[in-house]
Amino acid sequence: MKGRSVIVTGVPGVGKTTVVTGALQILDQEGIIYKTLNFGTYMFDVAQKEGIVKDRDEMRRLDKDVQKRLQKRAAQEMAKEEGNVLIDTHASVKTPKGYLAGLPEWVLRELMPDTIILVETDEDQILLRRMTDETRTRDLEGSYSIGEHQQFNRSIAAAYSMMTGCTIKYITNADHLLEKAVEDMAAILR
Ligand code: AMP
Ligand code: MG
């Protein structure tokens with residue numbers, strides 16, 4: 001990996017993909033190019049070929065060792081990319097047996113991020129966004145539990161910065177303020 005490597009994380013439903021898409025549109029007009037790599041898609045491609053899942057939302061319920069194997073494969077594939085990459089993923093994945101690190105040491109060693117961005121907002125807003133998203137099988141959880149997940153992500157991101165020397169940036173994607181989040185993201189990627 002020779003260009004810049006930026007990892008974008010956030011709990012399901014926070015609007016990561018929407019913010020990333022907006023920021024990349026702005027940068028494109030300025031001649032700054034990033035290739036977006038979706039970590040879940042890399043994992044899903046392998047899992048689907050192996051016939052172990054039919055839907056990407058089933059992966060977080062697989063045995064943790066299987067998830068880690070898929071995770072490692074995905075990281076190795078993504079590391080082959082040259083140029084600037086933006087990796088859309090999760091700081092941690094909520095599994096039935098607890099939080100699974102999204103970027104354990106062997107993944108970070110492949111991806112060596114310059115920056116990890118945490119897209120966040122109020123847990124009540126996330127809860128509502130999940131309830132109205134019909135394209136995905138979102139977990140049913142209360143706002144307390146969503147808040148806990150966001151807190152855990154901040155904690156584990158601190159560990160990731162210790163391991164790699166990367167910077168950590170929090171971006172708020174609040175209701176009605178998508179443009180602000182998009183601008184904040186573009187500023188980091190510039
Ligand atoms: P997404 O489309 O970003 O919600 O990702 C779909 C699924 O991919 C997640 O629910 C996880 O099961 C899996 N996934 C994505 N990134 C990671 C990661 N870094 N480590 C482990 N699993 C991941
Ligand atoms: Mg997404």
Side-chain angles (χ1 to χ4, degrees), residues 1 5-24 34-50 52-79 81 85-113 115-121 125-127 129-130 132-141 145-146 149-150 152-153 155-157 159-161 163-164 166 168 171 173 178 181-182 185:
M1 215 175 264
S5 167
V6 177
I7 297 182
V8 181
T9 68
V11 299
V14 73
K16 276 190 313 282
T17 311
T18 312
V19 178
V20 164
T21 307
L24 291 186
Y34 276 83
K35 182 167 181 184
T36 307
L37 312 177
N38 189 300
F39 204 120
T41 301
Y42 275 80
M43 286 177 59
F44 183 54
D45 284 348
V46 177
Q48 208 179 18
K49 272 186 202 121
E50 293 182 359
I52 53 180
V53 290
K54 289 194 196 70
D55 182 293
R56 63 196 288 123
D57 287 312
E58 288 171 29
M59 291 194 295
R60 61 182 173 271
R61 286 182 274 274
L62 291 169
D63 177 81
K64 82 170 177 348
D65 293 322
V66 175
Q67 292 187 56
K68 283 154 77 175
R69 179 172 59 76
L70 296 170
Q71 188 183 48
K72 188 167 190 177
R73 277 278 291 277
Q76 287 166 342
E77 282 308 306
M78 288 185 283
E81 289 289 339
V85 293
L86 190 157
I87 299 163
D88 179 336
T89 186
H90 298 274
S92 73
V93 176
K94 203 170 236 184
T95 81
K97 292 192 177 160
Y99 294 116
L100 181 81
L103 305 165
E105 179 265 328
W106 60 87
V107 169
L108 286 174
R109 210 186 308 131
E110 298 288 349
L111 305 179
M112 278 314 276
T115 299
I116 299 178
I117 300 173
L118 279 74
V119 181
E120 307 175 323
T121 195
Q125 295 178 2
I126 295 170
L127 183 66
R129 291 177 196 174
R130 284 189 192 174
T132 51
D133 178 0
E134 283 169 2
T135 67
R136 297 289 299 267
T137 314
R138 302 295 195 189
D139 290 332
L140 283 175
E141 59 178 336
S145 158
I146 296 171
H149 192 184
Q150 292 201 114
F152 182 77
N153 285 343
S155 309
I156 202 166
Y160 299 156
S161 82
M163 283 193 266
T164 59
C166 71
I168 302 292
I171 289 182
N173 181 30
L178 174 64
V182 165
M185 173 93 62

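Ligands are counted one by one from 1 in listed order, and the atoms in each one are counted from 1 as well. Atoms considered below: every heavy atom in the structure, side chains included; atoms not considered: hydrogens, waters and symmetry mates. Please read all numbers here as calculations on a predicted model, not as lab measurements.
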Student: What residue pairs, at least two apart or across chains, pass side-chain hydrogen bond (donor to acceptor under 3.5 Å, both in side chains) with a residue in residues 62-71?
Tutor: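 Output for this query lists E50-R69.
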Student: Between G102 and ligand 1, is there a nitrogen or oxygen pair with a distance under 3.5 Å?
Tutor: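 Between G102 and ligand 1, an N or O pair is found under 3.5 Å apart.
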Student: Please check if the number of heavy atoms outside R56 that lie under 6.0 Å from its CZ is greater than 12.
Tutor: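 For R56, atom CZ is crowded (more than 12 foreign heavy atoms under 6.0 Å).
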Student: Check whether any side-chain N or O of Y160 sits under 3.5 Å from a backbone N or O of I168 as a donor-acceptor pair, and report yes or no.
Tutor: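 Not confirmed, Y160 side chain does not pair with I168 backbone.
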Student: Output the list of atoms in ligand 1 that are nearer than 4.0 Å to some heavy atom of F39, sorted by atom number.
Tutor: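 Matching atoms, with element in brackets: 16 (N), 17 (C), 18 (C), 19 (N).
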Student: Could you go through D88 and T17, starting from their C-alpha distance and side-chain angles, then the distance that decides it, and tell me whether this counts as side chain to side chain donor-acceptor pair (under 3.5 Å)?
Tutor: CA-CA 7 Å; D88 179 336; T17 311; 3.2 Å; yes
Student: Quick check on side-chain contact (heavy atoms from CB on, under 4.5 Å): which of L178, I126, T18 does N173 satisfy it with?
Tutor: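 That would be L178; it is the only one of L178, I126, T18 passing the side-chain contact (heavy atoms from CB on, under 4.5 Å) with N173.
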Student: How many N, O or S atoms of the protein are nearer than 2.8 Å to the Mg ion (ligand 2)?
Tutor: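 Those protein atoms number 1 in total.
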Student: Give the contacting part of Q71 toward ligand 1: side chain, backbone, both or neither, where contact means a heavy-atom distance below 4.0 Å.
Tutor: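 Side chain only; the backbone of Q71 stays clear of ligand 1.
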Student: Tell me, which protein residue and heavy-atom name are nearest atom 13 (C) of ligand 1, and how many Å apart are they?
Tutor: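 For atom 13 (C) of ligand 1, the nearest protein heavy atom is M59 CE, 3.9 Å.
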Student: Taking 4.0 angstrom as the limit, do R109 and E105 come out as a salt bridge?
Tutor: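 Salt bridge between R109 and E105, a charged N being under 4.0 Å from a carboxylate O: yes.
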Student: Consider every N or O of R136 and every N or O of ligand 1, then say whether any pair is closer than 3.5 Å.
Tutor: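 By distance alone, the answer is yes.
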Student: Which residue and atom name correspond to the protein heavy atom nearest atom 17 (C) of ligand 1, and how close is it?
Tutor: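 So the nearest neighbour among protein heavy atoms is T89 OG1, 3.4 Å.
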Student: Do side-chain atoms of R130 reach the backbone of P12 as a donor and acceptor pair under 3.5 angstrom?
Tutor: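 Yes, because the side chain of R130 sits within donor-acceptor range (under 3.5 Å) of the backbone of P12.
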Student: Which heavy atom of the protein is the closest neighbour of atom 5 (O) of ligand 1, given with residue, atom name and distance?
Tutor: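 Among all protein heavy atoms, the one nearest atom 5 (O) of ligand 1 is H90 NE2, 3.6 Å.
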Student: Which ligand 1 atoms, with their elements, are less than 4.0 angstrom from a heavy-atom of V93?
Tutor: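 Those qualifying, in numeric order: 21 (C), 22 (N), 23 (C).
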Student: Heavy-atom pairs closer than 4.0 Å: do any link ligand 1 to the side chain of M43, the backbone, both, or neither?
Tutor: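 Side chain only.
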Student: I116 vs L103, test: side-chain contact (heavy atoms from CB on, under 4.5 Å). Steps then yes/no.
Tutor: CA-CA 10 Å; I116 299 178; L103 305 165; 4.1 Å; yes
Student: Within the distance-only criterion (no hydrogens, no angle test), does the side chain of H90 pair as donor or acceptor with the backbone N or O of G10 below 3.5 angstrom?
Tutor: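 Answer holds: yes.
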Student: Go through it in stages, so that I can follow the logic: the residues are F39 and L111, the test is side-chain contact (heavy atoms from CB on, under 4.5 Å), and I'd like the CA-CA distance, side-chain angles, deciding distance and then a yes or no.
Tutor: CA-CA 11 Å; F39 204 120; L111 305 179; 4.1 Å; yes
Student: Considering heavy atoms of the protein only, find what lies nearest to atom 10 (O) of ligand 1 and give residue, atom and distance to 0.1 Å.
Tutor: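 Checking every protein heavy atom, the shortest distance to atom 10 (O) of ligand 1 gives R60 NH1, 3.1 Å.
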Student: Closest heavy-atom contact between T95 and G98?
Tutor: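 Scanning both residues, the minimum pair turns out to be OG1-O, 2.7 Å.
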Student: Look at atom 2 (O) of ligand 1 and say which protein heavy atom is nearest, naming residue and atom and giving the distance to 0.1 Å.
Tutor: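 Minimum-distance protein heavy atom for atom 2 (O) of ligand 1 reads R56 NH2, 2.8 Å.
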